[in-house]
Amino acid sequence: MDNFSFAQIFHEIADFLELKQENPFKIRAYRKAAQSIESLSENLEDIYKSGGIKTLEEIPGIGSHIALKIEEQIKTGKVKAYQQLLKEFPKGFLELASVPGMGPKTALLLYKKLKIDSIAKLEQAAKAGKLRRLEGFGAKKEANILKGLELKKKTRGRFLIDQATAHAELIVEKLSKLKEVKKIIACGSLRRGQETIGDIDILVISSQPQKIMGAFVDLDVVRRVLAKGQTKSSVIMKNNMQADLRVVAEKSFGAAVHYFTGCKAHNIHLRQIAQKKGLKVSEYGIFKGGKQVGGRTEEEMFSRFGFDYIPPELREMRGEFEAAAKGKIPKLIELDDIKGDLHMHTTASDGKNTIKEMALAAKKKGYEYILITDHTKSTRVAHGLTEKQMQQHWKDIKKVNQEIEGIEVLAGAEVDILPDGRLDYSDELLKELDLVVIAIHSNFKMAKDKMTKRIIKAFENKYINIFAHPSGRLIGQRSPYDVDMEEILKAAQKNNVAVEVNAHPRRLDLTDIYCKRAKELGVKVIISTDAHSTEELDLMKYGVITARRGWLEKNDMLNTKPLKQLRLFLNRH
DNA sequence: GCCGTTTTCGGCCCGACTGTTTTCAGTCG
């Protein structure tokens, strides 16, 4: 069973306990455990097998009780307490409480009074005007629930990071034109660089919050206003994404930007530390008694408690406080560190631009080198090249390289890993290429051990250099193939294969968690765009932010190095 | 249910907005 499925059980237990109005701290404990499991790079089952209950309890947020439940799941295939909860509540009941505007208490009340136990019944009752007659309800609340239902249907899931970025930039650009806006910044999961974004959080510094609120809810991208208060408003935009705006005074900037960036668990942890020191942290600052003693700058939110500055991408409660206390926060890689892009396509296969166009666009970005990596013959849907075509293509690349000054245009290919682990081209051809990228484009549904062997076999070819989009996932479209990533990374290290962080917002693959694991195992990482057009070369920033979330530094990467060094590392000189 | 440089028991972050209320509960982040 994968970690995500374990986490799901504990998330749901938390949801059920919330319905039962159990001790809120118990509920939080389950959620914390679930999040902790989600951020593990190693498989929970493997951790258990390596040292039993004891090793499970070493995981933060997992204590004796939850460790026993994990063991129970591994040994018996189910958790009794969880099964019990499933029996207690009708199927689909959890979904009720997740309707915007509803919560556990409302859901439970409606179940008791009106026997509502599904979304369909809720909609029926609300439309029939049955809710408004209940105590504590009114016409407005009923209407709000109907709107919540509508919203739930439309906003299926989360948004990709590039879409969210574009919308956040739009709001920031429009509001920053107001003279009352002193500072404006997009915070939340977007600032932390999460792979998908639920809603956009904007923080504004101003002494006239009312004016900002008015301008925000009147923006032409706004479809509906969810809430509008003195200092805080929420809207749904025309693309069905939610945006929240918060206004605070200058003296609270640091505290507010920290609070609004999150994540929640990170915030709670800092507030607990403050509490122990007799201080109080809120979005308004650090307080002693009633007096503000810090929080003007974000740096202060950490330094006041003896921590080094923690970059937003690391604020996920994955050990950042421990590192910050010891002065061990890495100096994270930046976009400017990237010296070349090693995965891109041209009109020769399924790209939109020619070799020359790609090269000129890359040169404009200040890159020292690029690697042209068109598809090989087995990827027929992407017009993969035969050996003969590839040899001609290789000549074309060399020609462009001679024509253009100031950037090295290298000849490569994105070579298919065939189902049996062999490669799509012969060694004779592979060794002619400057660098060889390999990837899987077919037979995604293999069994785990077979898929793992397939990839490791490909790694043993001495002419290959980079393993592209290692998990094969497409966010929101296709799950990763079933593979033992730990073994893959170890094999990559052994065979001197670099792994790719594919920067495309739909891929972001390796994920942050495996970036961190790759670093621990001494595997070199490369960030590439997999661009199919000159515009897509701009996607590099999303790969960089993913690598940052994986705690990676300039020296953990290969395409931050000059070409000579890069080739030396890959034994390709 | 978790956790410990005050603790193995007694704590557990903090504030905004809405709707239905005459002072607050529920939801959200």
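Side chains are part of it too, since the values below use all heavy atoms of this structure and drop only hydrogens, waters and symmetry mates. The model shown is predicted, which means the values in this text are computed figures rather than measured ones. Convention: sequence-line order gives letters A, B, ...; per-chain numbering from 1.
- On the nucleic acid side, DNA chain B has its first and last nucleotide under 4.0 Å of a heavy atom of chain A at B:dG1 to B:dG29, going 5' to 3'.
- Atom CG of A:Leu122 is separated from atom NZ of A:Lys130 by 12.0 Å, given to the nearest 0.5 angstrom.
- A salt bridge links A:Glu180 with A:Lys211: the closest approach of a Lys/Arg side-chain nitrogen to an acidic carboxylate oxygen falls below 4.0 angstrom.
- A:Asp337 is linked by a side chain to side chain contact (heavy atoms under 4.5 Å, CB included) to A:Ile333, A:Glu334, A:Lys554, A:Thr560, counting only residues two or more places apart in sequence or in another chain.
- On the P atoms, B:dT5 is 23 Å away from B:dG1, given to the nearest whole Å.
- Between A:Glu322 and A:Lys326, none of the side-chain N atoms (NZ, or NE/NH1/NH2) sits under 4.0 Å from a carboxylate O, so this pair counts as no salt bridge.
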Can you give the donor-acceptor pairs under 3.5 Å from side chains of residues 282-291 of chain A to other protein atoms, not counting sequence neighbours?
from: A:Ser282; atom 1: OG; to: A:Tyr284; atom 2: N; distance (Å): 3.1
from: A:Glu283; atom 1: OE2; to: A:Arg246; atom 2: NH1; distance (Å): 3.2
from: A:Glu283; atom 1: OE2; to: A:Arg246; atom 2: NH2; distance (Å): 2.7
from: A:Tyr284; atom 1: OH; to: A:Arg246; atom 2: NH2; distance (Å): 3.2

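- Rounded to whole Å, the separation between the P atoms of B:dG26 and B:dT21 comes to 13 Å.
- For residues 38-94 of chain A, the ring pair (Phe, Tyr, Trp, His ring centres under 6.0 Å) pairs, not counting sequence neighbours, are A:Phe16-A:Phe89, A:Phe89-A:Phe93, A:Phe93-A:Tyr111.
- Near DNA chain B, defined here as any heavy-atom distance below 4.0 Å, the residues from residues 129-137 of chain A are A:Gly136, A:Phe137, listed numerically.
- Residues of residues 10-31 of chain A having a heavy atom closer than 4.0 Å to DNA chain B, listed by number: A:Asn23, A:Phe25, A:Lys26, A:Arg28, A:Ala29, A:Tyr30.
- For residues 39-56 of chain A, every residue pair satisfying the salt bridge (charged side-chain N to carboxylate O under 4.0 Å, His left out) rule, not counting sequence neighbours, is listed here: A:Glu45-A:Lys49.
- At the heavy-atom level, A:Lys264 lies under 4.0 Å from base atoms of the strands shown.
- For the segment residues 284-317 of chain A, the set of residues with a heavy atom within less than 4.0 Å of an atom of DNA chain B comprises A:Tyr284, in numerical order.
- Here ring pair (Phe, Tyr, Trp, His ring centres under 6.0 Å) pairs that include residues 160-193 of chain A, with residues two or more places apart or in two chains, number zero.
- Ion pairing between A:Arg31 and A:Glu18 holds under the 4.0 Å rule for side-chain N and carboxylate O.
- Here A:Ser118 pairs with A:Ala120, A:Lys121 under the side chain to side chain contact (heavy atoms under 4.5 Å, CB included) rule; sequence neighbours left out.
- Only A:Pro60, A:Gly61, A:Ile62, A:Gly63, A:Ser64, A:His65, A:Ile66, A:Lys69, listed by number, bring a heavy atom of residues 35-73 of chain A to less than 4.0 angstrom from any atom of DNA chain B.
- Within 4.0 Å of A:Ala143, counting heavy atoms only, lies no atom of the nucleic acid at all.
- For the ring pair (Phe, Tyr, Trp, His ring centres under 6.0 Å) condition, the pairs that include at least one residue of residues 244-264 of chain A, sequence neighbours left out, are A:His258-A:His266, A:His258-A:Phe302.
- A salt bridge links A:Glu553 with A:Lys519: the distance from a Lys NZ or Arg NE/NH1/NH2 to an Asp or Glu carboxylate oxygen falls below 4.0 Å.
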